[in-house]
Chemist: 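Next up is a structure, given as C-alpha cells.
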Number of protein chains: 2
Amino acid sequence: MRGSLTLGLLVELRDIEIFLTLAEELHFGRTAERLRVSPARVSQAVSKQERRLGVALFDRTSRHVSLTPVGRRLREDLQQAVDLLQAGLARAEAAGLGAGQRLRVGVFGHAGHVLRPLVDAFRARYPGSDVQFGEVYGSDPFTALRTGDNDVHVLWLPVAEPDLTVGPTVLTGGRVLAVSADHPLADRGTASLEDLADNHVVDLGPGAPEYWVASMVPTRTPRGRRIPRGPAARTFHEILSLVAAGHCVHPLGDVAARYNSPPGVVFLPMPDAPALQWALTWRSTADGPAVRALAQTAADLGPISM
Amino acid sequence: MRGSLTLGLLVELRDIEIFLTLAEELHFGRTAERLRVSPARVSQAVSKQERRLGVALFDRTSRHVSLTPVGRRLREDLQQAVDLLQAGLARAEAAGLGAGQRLRVGVFGHAGHVLRPLVDAFRARYPGSDVQFGEVYGSDPFTALRTGDNDVHVLWLPVAEPDLTVGPTVLTGGRVLAVSADHPLADRGTASLEDLADNHVVDLGPGAPEYWVASMVPTRTPRGRRIPRGPAARTFHEILSLVAAGHCVHPLGDVAARYNSPPGVVFLPMPDAPALQWALTWRSTADGPAVRALAQTAADLGPISM
DNA sequence: GTACCTTACGAGATACGTAACCATC
DNA sequence: GATGGTTACGTATCTCGTAAGGTAC
C-alpha cells in the first residue's frame, strides 16, 4: 500500500518550487530553463497543483501568463514558508559543516597542485572544513569512491556509472603523449593520435570500464588503425617506468606533465587530440554537505584551464 | 536527466513530515503507524536526511530515541515552515471550495437517500459546495468515473482498479435476494447462498470486471455448486423486470430493498452471505478538493449501517 | 528472549523527457 | 509561420514494503 491519505501534505516541494519560479518568471520556457527541466514538466506540475487545489493559479494563453488572485496569494504564503524551510535546513547543514568535515579527494598524480585555487576558495568559505588529496589510478578509478575511502574523485569525462554523480568540471586541458627520451618521436616535439598505432600503449587492466579507458586511450586512431595495448601497469609510476624503459608510450592529460619531470620521459603535446574535461565525481548516495559545498564552490569558480 | 543541483530543496516534504512526526513521538514504530508507513521507511527517511545534512538529528539505540541539539533546532524551524505551508495551501483550497464546486456522486438505485446524513454533514461543512446524485449500474460501474461524468461512485468492495482510489467506507449492510413474488423461496422469508445454484442469476455483461461482479454474484455456492448466469440485463430496473417475470433471481445489497417495493418482487434477506462494504471511489488523478472534502467528511462520520 | 531499529532487495508508483499537437499572434 | 503552452506515452528513478539482521535490555 502507498502512503495513503494520512492527511495534508498533498503537494511536494518540487512542485512548489516550480510554482514559485513560474510565478516569478511568468513564462513556462524560462521557468523550465532555470530549473533545468522540460517545459512539459512545468506544465504538468502546475496543472497537477491546480487540480489538487481546484482553483486556477495562472491565467494563460500561449501568448501570456499571469497569476490569478488566488495564485498571487498562494505565492506570497508559499514563498515565505519555503524561505523559512531553507533557512532551517541551511542552519542544520551549517552546524554539520561547522563541526568540521574532512573531505578526501582523489586525483591523478600531482593534479592536486593545480586545484589549489579551488581548495583555497573552499577553505575560505568553510573554515571548519578541510580537503585532503589522495591518489587515484587510471587502473581503478571508482573503487575508492564506492568503498567510501574517498569522498570525491577528479576524473576525466565521460563518467557514466549509475551509482555515481558527475558534478562540475574543475579542470580543462589538452593531452600529452608520454614517450621515452630515446623515442624517435621525442625530437619532433609533438605527437599525433595517428602515432599511437605505431606503438604499444599501457594496458590498464580490467579495473576500469572500457568506455572510460577508451576516451583517454583509444582503441583505434582517427583513421581507423588499431592501437596495440602493450604491457600492463596499474599506478602512475608504473606507467612512467614502462615508458622510460621504451616499452611503450602512453597518452595522459597535460596536468600530468605540469609538475612531473620523470627521468627518461618526455611529454609531447597532442594538438589533434580533443580537449579533456576533468569533473568532480562522487557516490550519489554520499552527497553530504561537504561534498555539495565543494561542488558549489567549484561551480562558482568555473573550470581551471591548463 | 533528473532535477540536478539547480539549487536547494534537497529534501522532500514527505521526509520532513516523517522527521517532524518522529521528533514528536520519539519512537519509530508509533511514527510509522501514525503516518501509515512501515518502520523501515521511517528509518530510511531519517537516515537520508542525516546523510544530506551531515549531522545526526536523533540519538538512538534500539531502546531509546531522542533529538540531538541540532535536531531539536531543526524541528522548531521546520514545524513553523510546514504550518505556514499548510495554511497557505488550505487557504487556496478554501478559495476553490468557497467558489462552489458541484460534486456528481454515482450510486445504485436510490441509495442516495440512505446517504442523507453524509450529504447533510458535507453541505454543512462546505456551504459553497453541493452534491448531486446520479445513478450507476452494476453492468458498468467505472466508466462514468473514467470519463469524468461522475466525480465519485459509491461501490461495493473490493474495488481493485489501478487508476481508481478507494476512499472511506460510507455504508455497510447485508445482502438480499430479489425473487419473484411467485417464487417458491418467497414464502420462506429468507434465502441462502446455496439457493442460488437452483436458479439463474442475471448476467451483467462484460462491462464490469469479473472479480467485482463475483463478489456480489458468486460463480459458485459455498459448497461449490455452480451458479448459472441467466438472462442479461444492464440497469437496475431491467434486473427487477427479469426477476418479477420469474426468469431469474438476483442478489443485491439490502440498500436496494430499503426504498424499493417493485411490483411482483420480494427481497429475501440472506443471513449466510458476508456483509457488504460500500466505499467512496474516484479517479486517482481527479482528487480535487471537493472529493477530498467529501472523503474527509465520510471518514469523520464513519460508515452508516443498514 | 523480546522489543525495536537497520539493511538488502525487489516491485510498484511517479517524475520526467520526447514528440506530436494546438492556440495565439 | 513562429512562438509557446499542452497532451500522450514510454522510460528512468525513487519511494516503499517485505524480510532478514543486528543490538540493547
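Letters go in sequence order (proteins before strands), and every chain restarts at 1.
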Chemist: Can we say A/Arg41 and A/Glu17 salt-bridge, meaning some charged N sits less than 4.0 Å from an Asp/Glu carboxylate O?
Modeler: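 Not counted as a salt bridge, because no side-chain N and carboxylate O are separated by less than 4.0 Å.
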Chemist: May I ask you to decide whether A/Arg125 forms a salt bridge with A/Asp300, counting only side-chain N to carboxylate O separations under 4.0 Å?
Modeler: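 A salt bridge links A/Arg125 with A/Asp300.
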Chemist: Could you please name the option among D/dG4, C/dC5, C/dG17 that lies closest to any side-chain atom of A/His27?
Modeler: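 The answer is D/dG4, which lies nearest to the side chain.
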Chemist: Which letters describe nucleotides 20-25 of chain D, given B = protein heavy atom under 4.0 Å from base, S = only from sugar-phosphate, - = neither?
Modeler: ---BBS
Chemist: Any salt bridge linking A/Arg283 with A/Asp163? Criterion: basic side-chain nitrogen under 4.0 Å from a carboxylate oxygen.
Modeler: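 Salt bridge absent between A/Arg283 and A/Asp163.
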Chemist: Expressed in angstrom and rounded to an integer, what is the separation of B/Glu50 atom CD from C/dT6 atom C1'?
Modeler: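 It works out to 12 Å between those atoms.
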Chemist: Specify whether A/Trp156 and A/Trp278 have parallel, tilted or perpendicular ring planes, treating 30° as the upper limit for parallel and 60° as the lower limit for perpendicular.
Modeler: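 Because their plane-to-plane angle is over 60°, the rings of A/Trp156 and A/Trp278 count as perpendicular.
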Chemist: Can you check the B/Arg36 CZ to D/dT15 C1' distance for me, whole Å?
Modeler: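 Distance check: B/Arg36 CZ to D/dT15 C1' gives 18 Å.
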Chemist: Does the pair A/Arg52/B/Glu93 count as a salt bridge with the N-to-O cut at 4.0 Å?
Modeler: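 Between B/Glu93 and A/Arg52 there is no salt bridge, as every charged N stays at least 4.0 Å from the carboxylate O atoms.
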Chemist: Can you tell me how far the CH2 atom of A/Trp282 sits from the CZ atom of A/Arg292, to the nearest 0.5 Å?
Modeler: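 Between atom CH2 of A/Trp282 and atom CZ of A/Arg292 there are 9.5 Å.
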Chemist: Mind calculating the distance between CG (A/Asp163) and P (C/dC9) to the nearest angstrom?
Modeler: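 Rounded to the whole Å, the gap is 14 Å.
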Chemist: What's the CD-P distance between A/Glu12 and D/dC14, to the nearest Å?
Modeler: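 In whole Å, D/dC14 P lies 14 Å from A/Glu12 CD.
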Chemist: Return the value, rounded to whole Å, for the distance between atom CG of A/Asp15 and atom P of C/dA15.
Modeler: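 Computing the A/Asp15:CG to C/dA15:P distance gives 7 Å.
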Chemist: Considering just the side-chain nitrogens and oxygens of B/Arg60, establish if one lies under 4.0 Å of OP1 or OP2 belonging to C/dC4.
Modeler: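 Answer no for this pair, as no side-chain N or O of B/Arg60 is under 4.0 Å from OP1 or OP2.
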Chemist: If you find the nucleotide of DNA chain C closest to B/Pro162 and the one closest to B/Ser47, which residue's nucleotide is nearer the 5' end?
Modeler: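 With B/Pro162 and B/Ser47 compared, the 5'-side residue is B/Ser47.
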Chemist: Less than 6.0 Å separating the ring centroids of B/Tyr137 and B/Phe108?
Modeler: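 B/Tyr137 vs B/Phe108: aromatic centres not under 6.0 Å.
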Chemist: Can you check whether A/His64 has a side-chain N or O nearer than 4.0 Å to OP1 or OP2 of C/dT24?
Modeler: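 No, A/His64 has no side-chain N/O under 4.0 Å of OP1/OP2 on C/dT24.
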Chemist: Between atom CG in A/Leu35 and atom P in C/dA15, what is the gap in whole Å?
Modeler: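 Checked: the CG to P distance equals 15 Å.
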Chemist: In whole Å, I'd like the distance from the CZ atom of A/Arg51 to the C1' atom of D/dT6.
Modeler: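 That distance rounds to 13 Å.
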Chemist: Report yes if at least one side-chain N or O of B/Arg14 is closer than 4.0 Å to OP1 or OP2 of D/dC16; otherwise report no.
Modeler: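 So the side-chain polar atoms of B/Arg14 do come within 4.0 Å of the phosphate oxygens OP1 or OP2 of D/dC16, strictly under.
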Chemist: Given the structure, check if the side chain of A/Gln44 and the base of C/dG17 hold any donor-acceptor pair shorter than 3.5 Å.
Modeler: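 Yes, the side chain and the base share a sub-3.5 Å donor-acceptor pair.
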Chemist: From the options D/dG4, C/dT18, C/dT7, select the nucleotide whose nearest atom is closest to the side chain of A/Ala40.
Modeler: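 Given the options D/dG4, C/dT18, C/dT7, the side chain of A/Ala40 is closest to C/dT18.
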Chemist: Is it true that B/Glu12 and A/Arg14 make a salt bridge, defined as a side-chain N closer than 4.0 Å to a carboxylate O?
Modeler: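 The answer is no: the pair does not qualify as a salt bridge.
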Chemist: Nearest-nucleotide wise, let me know which of A/Ser43 and B/Arg41 is further upstream toward the 5' end of DNA chain D.
Modeler: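 Of the two residues, A/Ser43 wins.
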Chemist: Check the distance between D/dG4's P and A/Glu33's CD and give it to me in whole angstrom.
Modeler: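 For the pair A/Glu33 CD and D/dG4 P, the rounded distance is 11 Å.
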Chemist: Ignoring backbone atoms, establish whether B/Lys48 has a side-chain N or O less than 4.0 Å from OP1 or OP2 of D/dT15.
Modeler: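 It does, given that an N or O in the side chain of B/Lys48 lies less than 4.0 Å from OP1 or OP2 of D/dT15.
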Chemist: The side chain of B/Val65 is closest to which nucleotide in this list: C/dC16, D/dG5, C/dC5?
Modeler: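 Output: C/dC5.
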